[in-house]
Number of protein chains: 2
Amino acid sequence: MASVFPLADLKASVKSDSRQGSRSDSWPASWVDTIIKGDCVSALEALPSHSVDIIFADPPYNLQLGGTLHRPDQSLVDAVDDEWDQFASFEAYDAFTRAWLLACRRVLKPTGSIWVIGSYHNIFRVGATLQDLNFWILNDIIWRKTNPMPNFKGRRFQNAHETMIWASPSAKAKGYTFNYDALKAANDDVQMRSDWLFPICNGSERLKGEDGKKAHPTQKPEALLARVIMASTKPGDIVLDPFFGSGTTGAVAKRLGRHFVGIEREQDYIDAASARIAAVEPLGKAELTVMTGKKAEVRVAFNVLVESGLINPGQVLTDAKRRYSAIVRADGTVASGGEAGSIHRLGAKVQGLDACNGWTFWHFEDGQSLRPIDDLRSVIRSDLAKAE
Amino acid sequence: MASVFPLADLKASVKSDSRQGSRSDSWPASWVDTIIKGDCVSALEALPSHSVDIIFADPPYNLQLGGTLHRPDQSLVDAVDDEWDQFASFEAYDAFTRAWLLACRRVLKPTGSIWVIGSYHNIFRVGATLQDLNFWILNDIIWRKTNPMPNFKGRRFQNAHETMIWASPSAKAKGYTFNYDALKAANDDVQMRSDWLFPICNGSERLKGEDGKKAHPTQKPEALLARVIMASTKPGDIVLDPFFGSGTTGAVAKRLGRHFVGIEREQDYIDAASARIAAVEPLGKAELTVMTGKKAEVRVAFNVLVESGLINPGQVLTDAKRRYSAIVRADGTVASGGEAGSIHRLGAKVQGLDACNGWTFWHFEDGQSLRPIDDLRSVIRSDLAKAE
DNA sequence: TATACTGGTGAATCTCGGT
DNA sequence: CACCGAGATTCACCAGTAT
C-alpha cells in the first residue's frame with residue numbers, strides 16, 4: 001500500500017497493461033494505490049484515458065505576499081512562500097491551470113467528476129478555466145473555517161473560508177455519483193447545503209516532521225475530504241489527487257474503502273504521505289456512515305438585530321432600572337454621553353466595570369415593559385432554526 | 001430625490017458642470033441621487049472620472065446574448081449544450097464584463113472600492129476579469145442564505161450562498177474605507193468574518209407589481225447592502241450601482257446618509273425603484289456616526305507628556321513585569337543600558353524585536369500599581385477635546 | 001487529579017503619513 | 001517614486017506547564 005511509482009516505471013507498466021487487452025485482465029492496475037513521483041501533467045499523461053472516478057485537486061494558490069507579517073505580539077506569521085507556489089504572471093498561472101485540467105479530463109471517466117479547492121487568489125481563474133474547457137460546474141462549495149487565522153492589521157474582513165468547485169467533465173455528462181440520500185440522512189434529514197463548517201487541520205491530525213514543524217504548509221482536514229469522497233464516490237472507486245502533498249486524499253480514500261492515486265514531485269511529501277497512508281486502517285462496511293461535520297453555530301451578534309430591523313438606529317436602550325441609557329447607531333454600536341462602543345464595552349463603561357454582558361444589561365421598551373435585548377436574539381435564533 | 005436622468009441630458013449636464021471649473025462649484029453634481037436611464041457602459045462613460053466612492057454591482061449572469069436570465073433549469077441547460085455556442089457566449093460575457101468594469105474603474109476614485117455579487121454561473125469570470133484589469137481583490141465574501149431554494153432533483157448540493165468580491169482599483173491603492181472598529185464592535189467585539197448570514201429578500205420587503213408578482217427577479221436584501229455600505233463608506237459618500245434594478249442600493253444608501261447613483265435600462269424597474277426610494281427616510285446624524293479606533297485619534301508624541309509635566313525627565317519607566325527599565329530624558333527620548341531612542345525603538349531593542357508599541361509597553365509607577373504611559377496620552381487627548 | 005495559565009500557530013495577496 | 005519611523009494590530013484551539 002502506498003508504494004511509490006517513478007514516472008518512467010509507470011509508463012512501461014501502463015503500456016504492458018494495455019497490451020494485455022481489456023482492463024479487467026489487470027485489475028487493479030499497477031498504478032492504483034500508489035504515489036506517482038513526477039510532474040503533475042506528465043504523470044497524468046502517462047495514465048490511461050477514462051480510468052479514474054473522481055479527481056480532488058488542491059493546486060498552488062499563487063499567493064502574492066508582500067513582505068513579512070507579524071502578529072500583534074510581534075511573532076512572525078509562517079507564510080506559504082514555497083517555490084512551488086510562485087508564478088511569473090496570471091498568464092503563466094492560467095497556462096499551468098489549463099494544462100493540468102486538460103490532462104485531468106482525459107483521465108477522468110465520463111461518469112466522473114472533479115473537485116478543485118482554492119482561495120480568492122486563484123479560484124476565479126480556476127473556475128473560468130474550467131468553464132472555458134467545457135467542464136460543467138455542479139456546485140461551488142464553501143468551506144467555512146471554525147478557526148481561521150485573524151486579519152492582524154484590521155484592514156480587511158477575516159478571511160474565514162475557502163472555495164471548492166465541483167464539476168462534471170461536460171454539460172452532457174449526467175452519470176456522476178452523488179449520494180444525495182446518504183448526505184441528507186447524515187444531515188438531520190435536510191439537504192446538504194453548499195456551505196460546510198469544519199476546523200482547519202491542526203493538533204494531532206497535523207503531520208509533523210522530525211523537527212516538530214509541520215510537514216506540509218497546507219494540509220487539508222480529513223473531515224473535508226471525507227465529505228467530498230462520501231458525497232461523490234462509491235466504495236471501490238478510484239480517487240486521483242494530482243497535487244498529493246501530505247496525502248490527505250489518499251488517507252481518507254483508504255479509510256473509506258476507495259482506491260487512490262497520488263501525484264507528487266517532492267520526495268519529502270511523498271515520504272510523509274506514504275507513512276501516513278500505511279498507518280490507515282480501512283473502515284468496515286457498516287462504519288461508512290459518518291461525518292456530519294460541525295452543526296452550524298448559532299452565534300448572533302448585535303449588528304444582526306440592527307440589520308434585520310428588530311432594533312432601529314436611533315432607538316434608546318436602558319438598563320433594567322433605567323439608570324443608564326444609550327442610543328443605537330446604524331453601525332451596530334451604541335453611544336451614551338460622548339462614549340461609544342459595543343453593547344458590552346459601553347455597558348461596562350457606564351457602570352465603571354471591566355466587563356459587562358450587553359445582551360442582558362441593555363433593555364428596550366416593549367409597550368409598557370422593559371425587555372432585555374437578548375429576547376430579540378432569541379427571535380433571530382428561532383427564525384434560523386426554522387430555516388435550517 | 002430619485003429623479004430620473006435620461007442619458008442625453010446627463011451628458012449635457014456633466015459638460016456644463018465641467019465648464020464651471022472645480023467640482024465644489026456644482027456640488028452635489030446634477031447626477032447625484034438620480035437614476036440614469038440608459039445602457040450601463042454608455043452611462044458610465046458619461047460620468048466624470050474619479051467621482052464615486054464605491055460601486056456595488058449585481059450584473060446579469062445570463063450567458064446567452066438574448067437577455068433571458070440563466071437559471072439552473074434543465075431546459076435551459078439543454079439549450080446551451082452545443083460546445084461552440086457555449087464558448088462563444090462565454091467570450092461575449094467576458095467582453096461585456098470587461099467593458100463595464102473598465103468603465104467603472106474610470107469613474108471610481110483611487111480611494112474607492114468595488115463590490116460585485118454573483119453565483120457560480122458568472123462569478124469566476126467576473127473575478128478573473130477583475131484580476132486581469134489589475135483590480136486588487138481585498139476579500140471574497142460569502143452571503144449564506146438562511147432560506148435558500150431547495151434543490152428539487154436531488155442531484156446536487158443545495159445552492160445556499162452567493163459570492164461577493166470586494167476589490168480596490170489597484171494593488172497600490174491603499175486608501176479605501178474600511179470601518180474595521182465599527183464592524184468589530186457591532187459583531188460582539190470580534191472581527192467580522194468573510195461569511196455573512198442573511199435571509200433572502202421576501203415578505204414585505206419584496207417589491208411587488210400591481211399583479212402581485214415580484215417586481216424584480218433578483219432583488220437583494222437590504223440588510224446585505226447595509227453591511228456593505230456601512231463597512232466600506234463614510235456618511236456623505238457616493239454609491240454607484242450600474243445595474244440598479246429594484247433600487248435596493250439606492251434605498252439603503254439614502255437611509256444611511258449616503259448619496260447614490262443608479263443606472264438602469266428598463267423603465268419598469270426605474271419606476272419601482274423611484275417610488276421605493278422616495279419613501280425612504282434618512283437617519284439622523286447621531287445615528288450615523290461611525291465608531292472609530294485608535295488609528296483615527298489625533299497623534300500625541302511622547303515629548304508632549306514630558307513638556308506638559310505628566311512625565312518628568314529622570315523618571316523611570318518599566319514594562320508591565322518590571323523586567324526592563326528605562327530613564328526618561330528631557331528631549332523625549334528614553335535610555336537604557338547605553339542604548340537610547342524613542343519609546344518604540346528602545347522598547348523593541350530591549351526585547352530584541354523588530355518593532356514595539358512603546359505606549360503600551362512602557363509603564364510608570366502610580367502609587368503601588370503600574371500603569372501604561374498610554375493612560376497619560378488619553379489625558380492629553382481629553383484635554384485637547386475639551387479645548388475645542 | 002483537576003484546573004488555570006502560558007505559549008504557539010494556521011494558504012495572508014494585512015499601515016500610513018511625511019520627507 | 002522610495003525611504004523612514006511612529007505606532008496599531010488577533011481568534012480559536014491545542015499542548016505543555018504550573019498551581
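Naming convention: chains lettered A, B, ... in sequence-line order (proteins, then strands); numbering from 1 in each chain.
Taking the six-membered ring for Trp and thresholds of 30 and 60 degrees, A:Phe87 and A:Tyr93 have ring planes more than 60 degrees apart, a perpendicular arrangement.
A:Asp354 CG: 12 or fewer foreign heavy atoms inside a 6.0 Å radius.
Between the side chains of B:Asn139 and A:Tyr120, no donor-acceptor pair is found at a separation under 3.5 Å. B:Arg329 and B:Thr333 are linked by a side-chain donor-acceptor pair at a separation below 3.5 angstrom, with hydrogens and angles left out of the test.
Residue order along DNA chain D, read from the 5' end via each residue's closest nucleotide, puts B:Lys172 first among A:Gln158 and B:Lys172.
Taking atom P in both C:dT9 and D:dT9, one finds a spacing of 24 Å when rounded to whole Å. For the C1' atoms, the distance from C:dC14 to D:dG7 is 15 Å, rounded to whole Å. Comparing C:dG7 with D:dT10, their C1' atoms sit 15 Å apart, to the nearest whole Å. For C:dA11 and D:dA8, the C1' atoms lie 25 Å apart once the distance is rounded to whole Å.
Nucleotide D:dT10 holds its C1' atom 15 Å from the CG atom of A:Leu76, rounded to whole Å. Put simply, CZ on B:Arg193 is 12 Å from P on D:dC11, counting in whole angstrom units. In this structure, A:Phe157 places its CZ atom 14 Å from P of D:dC11, rounding to the nearest Å. When the P atom of D:dG7 is taken as reference, atom CD of A:Gln74 falls 14 Å away, rounded to whole Å. The distance between atom CH2 of B:Trp362 and atom P of D:dA6, rounded to the nearest whole Å, is 14 Å. Taking atom CG of B:Leu376 as the reference point, atom C1' of D:dG7 lies 17 Å away to the nearest angstrom. As rounded to whole Å, 13 Å separates atom C1' of D:dT10 from atom CG of B:Asp181.
Counting atom types as modelled, B:Gln191 pairs no side-chain N or O with a base atom of D:dT9 as donor and acceptor under 3.5 Å.
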Pick out the pairs of N or O atoms, protein on one side and nucleotides 3-5 of chain D on the other, that lie under 3.5 Å.
none

Protein N or O to nucleotides 15-19 of chain D N or O, pairs below 3.5 Å:
none

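Glycosidic torsion of C:dT13 falls within 90° of 0, placing the base in syn.
Atoms CH2 and CD1, from B:Trp166 and B:Ile117 in turn, are 15.5 Å apart once rounded to the nearest 0.5 Å.
In summary, of the residues considered (B:Val379, B:Val328, B:Leu376), a side chain to side chain contact (heavy atoms under 4.5 Å, CB included) with B:Leu305 occurs for B:Leu376 alone.
By the 6.0 Å and 45° rule, A:Arg265 does not stack over the aromatic ring of A:Trp84. Taking the ring axis of B:Tyr180 as reference, the NZ or CZ atom of A:Arg155 does not stay both within 45° of it and closer than 6.0 Å to the ring centre.
For B:Phe178 and A:Phe157, the gap between ring centers is short of 6.0 Å. Between A:His121 and A:Tyr61, the ring center distance fails the sub-6.0 Å criterion. In this structure, the ring of B:Tyr324 has its center no less than 6.0 angstrom from the ring center of B:Trp362.
Proximity of B:Arg377 to the phosphate of D:dA8: a side-chain N or O atom is located under 4.0 Å from OP1 or OP2.
Under the ring-ring contact (aromatic ring centres under 6.0 Å, His included) criterion, A:Phe56 pairs with no residue, sequence neighbours left out.
Using a 4.5 Å heavy-atom threshold, the side chains of B:Phe302 and B:Val334 count as touching.
Within the structure, side chain to side chain donor-acceptor pair (under 3.5 Å) contacts touching residues 194-203 of chain A (residues at least two apart or in different chains) are A:Arg193-A:Asp195, A:Ser194-B:His161, A:Asp195-B:Arg144.
Taking 4.0 Å as the cut-off between side-chain N and carboxylate O, A:Glu205 and A:Lys220 do not count as a salt-bridged pair.
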Quiz item: If pairs are Watson-Crick or G-U with both distances under 3.5 Å, what is the dot-bracket string of DNA chain C, marking crossing pairs with [ ] and pairs to another strand with |?
Solution: .|||||||||....|||||
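Among the heavy atoms of the strands, none lies under 4.0 Å from A:Glu205.
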Quiz item: Nucleotide by nucleotide, 5' to 3', does protein get under 4.0 Å of the base (B), only the sugar-phosphate (S), or neither (-) in nucleotides 9-19 of chain C, counting heavy atoms?
Solution: BBBBBBSS---
